[in-house]
**Student:** 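Got a structure here, written out as structure tokens. Questions coming.
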Amino acid sequence: MAGRAKELVVISGKGGTGKTSIVASFAALAENVVLADCDVDAADLHLVLDPKTVRRESFSGGKRARIDPGRCTRCGRCEELCRFDAIGRDAPGVGSGEGAFRVDPVACEGCGVCAWFCPEDAIEFAPAVNGEWYVADTRHGPMVHARLGVAEENSGKLVSTVRTAAQAVAEQRGFDLVLIDGSPGIGCPVIASITGATLVLIVTEPTLSGLHDLGRVADVASHFGIPGRVCVNKWDLNPDVAAEIERQAELRGLAVAGRVRYDRAVTDAQVRRQAVVEYRDNGCAADIRAAWASIRHALDERSPS
Ligand code: SF4
Ligand code: SF4
């Protein structure tokens, strides 16, 4: 394989559009693909693909302050300086009973100001473990996914870590495609998901908010110069809005990769932890196969990065 593997990123304007369900079916249809779940704030691809972990790594997205009670003279300077109200003092009778200062690790934003100004050098400012990422085997190939700790942020950095690891796995295995379940919305995680990707597939649904979200997410992809395709999921729930979404997409230079009809089999497949194309060879599965054929053709036309 020459150069980096191509990257297809599947995104949506918001959660709940059926994006992950479509990614799971693409995973079943693609060959020689590395899967990457970059929806790190609400990862759920693993629920369908049942990964077996072969490597587990800690993720550090930043630093956290911690006060050494043995060195602290309780001057209170750090509490005054912290703009995030992350430093407080034990109430009388709590802990040592001496009113020790403590950092709330959830509120601490890792700015480092307290450590810099502490006159006693009593504040340790060290990398914090914010989550974990994993390399796993699934029935459809290797997968990289991650979990962010409770109330942890910096998911953009974790997304970049997952993408980098997925590229490394593709290189090891000689695979030429990474299929990414991207983050929904238009924030930092989605930007980290799509920057430098080969192709973006925007999954939307036929509602007015779907139409609005398409515009926002298409603007982000266009800003970063990533070519895009659009797929309207459950299109037959509102054919008029579906047609309008496709019209708006084409006005923005986004080709339509396909339409996927509504089918209760999608939920039934999820309950059985299967992709729709594995579960039942029905009309919905045929729609997804047709969309995948269109996407595969678009990927084949693009040269490796
Ligand atoms: S600035 Fe340093 S010495 Fe003063 S209360 Fe905070 S940790 Fe303790
Ligand atoms: S590192 Fe910044 S946010 Fe965290 S406790 Fe110190 S001053 Fe507050």
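Read the numbers this way: they start at 1 and go in the same order the structure lists the ligands and their atoms. Heavy-atom basis, side chains included; hydrogens, waters and symmetry copies ignored. Everything numeric here is computed off the predicted structure, so don't read it as measured data.
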**Student:** Under 3.5 Å, is there a donor on one side chain and an acceptor on the other for Glu278 and His140?
**Tutor:** yes
**Student:** For Glu246, is there an ion pair with Arg259 - N to carboxylate O distance below 4.0 angstrom?
**Tutor:** yes
**Student:** Please list, one pair per line, the donor and acceptor atoms closer than 3.5 Å that link side chains of residues 216-235 to other protein atoms, with sequence neighbours excluded.
**Tutor:**
| unit_1 | atom_1 | unit_2 | atom_2 | d |
| --- | --- | --- | --- | --- |
| Asp219 | OD1 | Arg252 | NH1 | 2.6 |
| Asn233 | ND2 | Thr17 | O | 2.8 |

**Student:** When Arg273 is tested against each of Leu49, Val48, Asp50 for side chain to side chain contact (heavy atoms under 4.5 Å, CB included), which residue passes?
**Tutor:**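 Between Arg273 and the candidates, side chain to side chain contact (heavy atoms under 4.5 Å, CB included) is satisfied uniquely by Asp50.
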**Student:** Decide whether Asn32 and Asp176 meet the rule of one side-chain donor and one side-chain acceptor closer than 3.5 Å.
**Tutor:**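 Looking only at side-chain atoms, Asp176 and Asn32 do not form any donor-acceptor pair under 3.5 Å.
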**Student:** At a cut-off of 2.8 Å, list the protein N/O/S atoms near atom 8 (Fe) of ligand 1, residue plus atom name.
**Tutor:**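 Protein N, O or S atoms closer than 2.8 Å to atom 8 (Fe) of ligand 1: Cys72 SG.
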**Student:** Check the orientation of Phe26 and Trp292. Use parallel for under 30°, tilted for 30 to 60°, and perpendicular for over 60°.
**Tutor:**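 Phe26 vs Trp292 ring planes: tilted.
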**Student:** At a cut-off of 2.8 Å, what protein N/O/S atoms sit near atom 2 (Fe) of ligand 2?
**Tutor:** Cys111 SG
**Student:** Hey, what else clusters with Leu81 if you join Ile, Leu, Val, Met, Phe, Trp, Tyr whenever side-chain heavy atoms sit under 4.5 Å?
**Tutor:**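 Grouped by the 4.5 Å side-chain rule, Val113, Trp116, Phe117 form the rest of the cluster around Leu81.
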**Student:** Quick one: which ligand 2 atoms are inside 4.0 Å of a heavy atom on Ile87?
**Tutor:**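 Listed by number with element, the hits are 5 (S).
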**Student:** Which of the atoms in ligand 1, numbered in the order shown and given with their element, are less than 4.0 Å from a heavy-atom of Pro119?
**Tutor:**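 Result: 1 (S).
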**Student:** Would you say the side-chain atoms of Asp181 and Thr20 include a donor-acceptor pair closer than 3.5 Å?
**Tutor:** yes
**Student:** State whether a side-chain donor-acceptor pair under 3.5 Å links Gln248 with Glu244.
**Tutor:**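 A pair is found: one side chain offers a donor N or O, the other an acceptor, under 3.5 Å apart.
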**Student:** Please determine if Glu57 and Arg55 form a salt bridge, counting it only when a charged side-chain N lies under 4.0 Å from a carboxylate O.
**Tutor:**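 Salt bridge flag = yes for Arg55 with Glu57.
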